[in-house]
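This report refers to the structure that appears directly beneath it.
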Amino acid sequence: MSVQKPSLPKGTRDFGPVQMARRNYILNTIKETFSLFGFQQIETPAMENLSTLTGKYGDEGDQLLFKILNSGDFLKNVEPSDLEKGTSAMLPKVSEKGLRYDLTVPFARYVVMNRNDITFPFKRYQIQPVWRADRPQRGRYREFYQCDADVVGTDSLVCELEILLMIKRVFSKLGITDYSIKINNRKILTGLSEVIGEKGREGELCVAIDKLDKIGWEKVQEELNQRGFGERSIELLSPIITLKADNHKKLDFLKGFLSSSETGLKGLQEIQEVIQLLETFGETQDHVDFDVVLARGLTYYTGAIFEVKVHNVSIGSVSGGGRYDNLTGVFGLEGVSGVGFSFGVDRIYDVMEELGLFPEQHADQTKVLITYFDKSGFDYGLRILNRLRQAGIASELYPDEAKIKKQFTYADKKQIPYVLILGDNEIKEKNVSLKNLISGEQEVLSVEEMISRVC
RNA sequence: GUGGUUGUAGCUCAGCUGGUUAGAGCGCUGGUUUGUGGCACCAGAGGUCGCCGGUUCGAACCCGGUCUCCCACCCCA
């Protein structure tokens, strides 16, 4: 009988009481915000048919999917010759389900399957774990929660505005002040590639440009060079890279720069309108940063793209999203435009921890512990416990007959502020001794007095 | 997937060029106080030195493999 050492799969975590209290604090702030903006919650299964998931995230994404082995004899459809055909040929024969990789694709599936019951525009939010077979590191987990809010069935830029507003509200509530919401538009990137004479290569352009913050302009030039971008194209890009100005000045500059690209100008106009809406709504542009070189990997974004970065922390982006014109197309429903974004709770948690932003005392707290010496104290305590709970006071009775010292230590460890001591005197006089463990004061009170004291 | 790094008590870590019974702090249990926590003092429990193999008279220490952790790249929340 060997005892095995327990362990957790790579990249997964347990959450203890303190962590849960803090996570719930973040989650509740987000939920409350979504709901205030008129979003409705849905949930979808942890697992989806593999065919729903594959091909939606690019080749790399497919590799990062967790696949679920078929139940029963998963080799029953496999011929010896299949083995030689390689992994991708084998996979559909042994696995038909996978864990969801994000919440957007399951949502698209949901919309298509429920199209007749949904009233468009449909504003939904969804808070559930997703799984990625990534290699874990700081701020990167294999199981983590996403908090998505999406609107489908409208092109209105009010949706983009609301995303900005929700991000600002959540961060303000959580006490995160030093951050920026980077906003850009895919059409601007398309325009950019047209203007520099590399039409249709905005994807590659984005991948390279995206590293600007990390590796600098010099290295980005090298990478563009390696990817076969012409000297002249890179040179033309230069004024964009070095562009440092406020949002309005950037817009003005780009109107000239992108004047030959119809698509680019359209993107510019969209950004401008969003900023305009922000002003009309009566909100400042604080934290909102039009970033011409912001590029996001996901292939399906077609309009606005967002990313939120908290400054002075070692965590990547804590939120991101954008507009997609035809997300449901692959599932047979054309012409449904949507825009959405996602908060990464786990990363927000890490950020708040790093910045020391969690309020004290955020574990779920018992307010009163009832201690006693013997069976009669236990019985008396049980009745008082009932009274306390009816008064809505989080309270507990020490479950075992133990030395009073041990019961006190328990209260101390759990940071319970009040202790009731029930001995023969208290039982006889029908009162209680109430000790405040923070101040150390102790007094004898009637049950009613005690309840009003600890309320 | 590529490269690098780490692993010793519940936790954070010491442990000399390989040399007897592997240490500290914190935590834990008990006591000083059988009606009182935190603080102090005293005592005690707790380790297959990640795992497997090799070198050696002798390995926590050297070598190989493996797993794990963390970091960078890729990509992302």
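On a predicted model such as this, the values are computed, not experimentally measured, just so you know. A note on names: the letters A, B, ... follow the listed sequences, proteins ahead of strands, and every chain is numbered from 1.
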ask   = A/Leu422 has an atom CG; how far is it from atom C1' of B/U36, in whole Å?
value = 13 Å
Inter-nucleotide P distance (B/U56, B/G18), Å rounded = 16 Å
ask   = Considering only side-chain heavy atoms of A/Asn425, which listed nucleotide, B/G37, B/G27, B/G35, is closest?
value = B/G35
message = Check this for me: does any side-chain nitrogen of one of A/Lys375 and A/Asp379 sit under 4.0 Å from a carboxylate oxygen of the other?
response = yes
query = If you look at every strand shown and take non-hydrogen atoms under 4.0 Å, does A/Asp346 touch a base, only sugar-phosphate, or nothing?
reply = nothing
query = What's the CG-P distance between A/Asp62 and B/C75, to the nearest Å?
reply = 16 Å
ask   = For A/Ile421, which contact category applies under a 4.0 Å heavy-atom criterion: base, sugar-phosphate, or nothing?
value = base
request  = With P as the reference atom in both, quote the distance from B/G37 to B/C28 in angstrom, rounded to an integer.
outcome  = 15 Å
key: B/A60 versus B/C16 - spacing of their P atoms, nearest Å   = 12 Å
request  = Using both distances under 3.5 Å as the test, list the Watson-Crick or G-U wobble partner of B/G53, or none.
outcome  = B/C63
B/G7 versus B/C71 - spacing of their P atoms, nearest Å = 16 Å
key: Pairing of A/Lys56 and A/Asp102 as salt bridge, 4.0 angstrom limit   = no
task = Identify whether any heavy atom of A/Gly320 sits under 4.0 Å from a base atom; if not, whether one sits that close to sugar-phosphate; answer base, sugar-phosphate or nothing.
result = sugar-phosphate
task = Check the distance between B/G35's C1' and A/Lys405's NZ and give it to me in whole angstrom.
result = 13 Å
task = Compare side-chain N and O positions of A/Lys10 against OP1 and OP2 of B/C69 and report whether any pair is under 4.0 Å apart.
result = yes
message = Suppose you measure atom P in B/G44 against the same atom in B/G53; what distance do you get, rounded to whole Å?
response = 36 Å
ask   = Does B/U48 have a Watson-Crick or wobble partner in any strand here, with both distances under 3.5 angstrom, and which is it?
value = none
query = Is there a donor N/O on one and an acceptor N/O on the other, under 3.5 Å, for the side chain of A/Glu426 and the base of B/G35?
reply = yes
ask   = Quantified in whole Å, what is the C1' atom distance between nucleotide B/A59 and nucleotide B/G46?
value = 24 Å
inquiry  = Can you measure A/Tyr418 atom OH to B/U36 atom C1' for me and round it to whole angstrom units?
reply    = 17 Å
ask   = Side chains of A/Ser376 and A/Asp374: do they bring a donor and an acceptor to under 3.5 Å?
value = yes
Base-pairing mate for B/C26 - Watson-Crick or G-U, with both contacts under 3.5 Å = B/G10
request  = Can you tell me the distance, in whole Å, between the CD1 atom of A/Ile348 and the C1' atom of B/A77?
outcome  = 9 Å
remark   = Contact check, residues 132-147 of chain A vs RNA chain B, heavy-atom distance under 4.0 Å, returns A/Arg132, A/Asp134, A/Arg135, A/Gln137, A/Arg138, A/Gly139, A/Arg140, A/Tyr141, A/Phe144, A/Gln146
ask   = Within the modelled atom types, does a donor on one side and an acceptor on the other bring the side chain of A/Gln442 and the base of B/U36 under 3.5 Å apart?
value = yes
5'-most by nearest nucleotide on RNA chain B - A/Phe408 or A/Lys403 = A/Lys403
ask   = So what does A/Thr371 touch, heavy atoms closer than 4.0 Å: a base, only the sugar-phosphate, or nothing?
value = nothing
request  = Verify the ring-centre separation between A/Tyr101 and A/Tyr57: is it less than 6.0 angstrom?
outcome  = yes
request  = Could you check whether A/Ile438 gets within reach of a base, just the sugar-phosphate, or nothing at all, counting any heavy atom under 4.0 Å?
outcome  = base
ask   = How close or far is atom C1' of B/C39 from atom CG of A/Asp412, stated in whole angstroms?
value = 11 Å
message = Are A/Phe39 and A/Tyr125, when compared by the centres of their aromatic rings, separated by less than 6.0 Å?
response = no
key: A/Arg124/A/Asp150 salt bridge by N-O under 4.0 Å criterion   = yes
query = Expressed in angstrom and rounded to an integer, what is the separation of A/Ile181 atom CD1 from B/A77 atom C1'?
reply = 16 Å
key: Carboxylate-amine/guanidinium proximity below 4.0 Å for A/Lys414 and A/Glu396   = yes
message = Between A/Lys406 and A/Ser319, which residue's closest nucleotide on RNA chain B lies nearer the 5′ terminus?
response = A/Lys406
ask   = Going by an N to O cut-off under 4.0 Å, is there a salt bridge joining A/Glu32 and A/Arg169?
value = yes
request  = Rounded to whole angstrom, note down the P distance from B/A24 over to B/A14.
outcome  = 16 Å
Nearest-angstrom distance, C1' atom, B/G47 to B/A9 = 5 Å
key: Under 3.5 Å on both distances, the Watson-Crick or G-U partner of B/C41   = B/G31
query = Do A/Phe171 and A/Tyr179 have ring centroids that are under 6.0 Å from one another?
reply = yes
note = A/Leu369 atom CG is separated from B/G35 atom P, nearest whole Å, by 17 Å
message = Is a donor from one side chain sitting under 3.5 angstrom from an acceptor on the other, for A/Asp289 and A/Ser180?
response = no
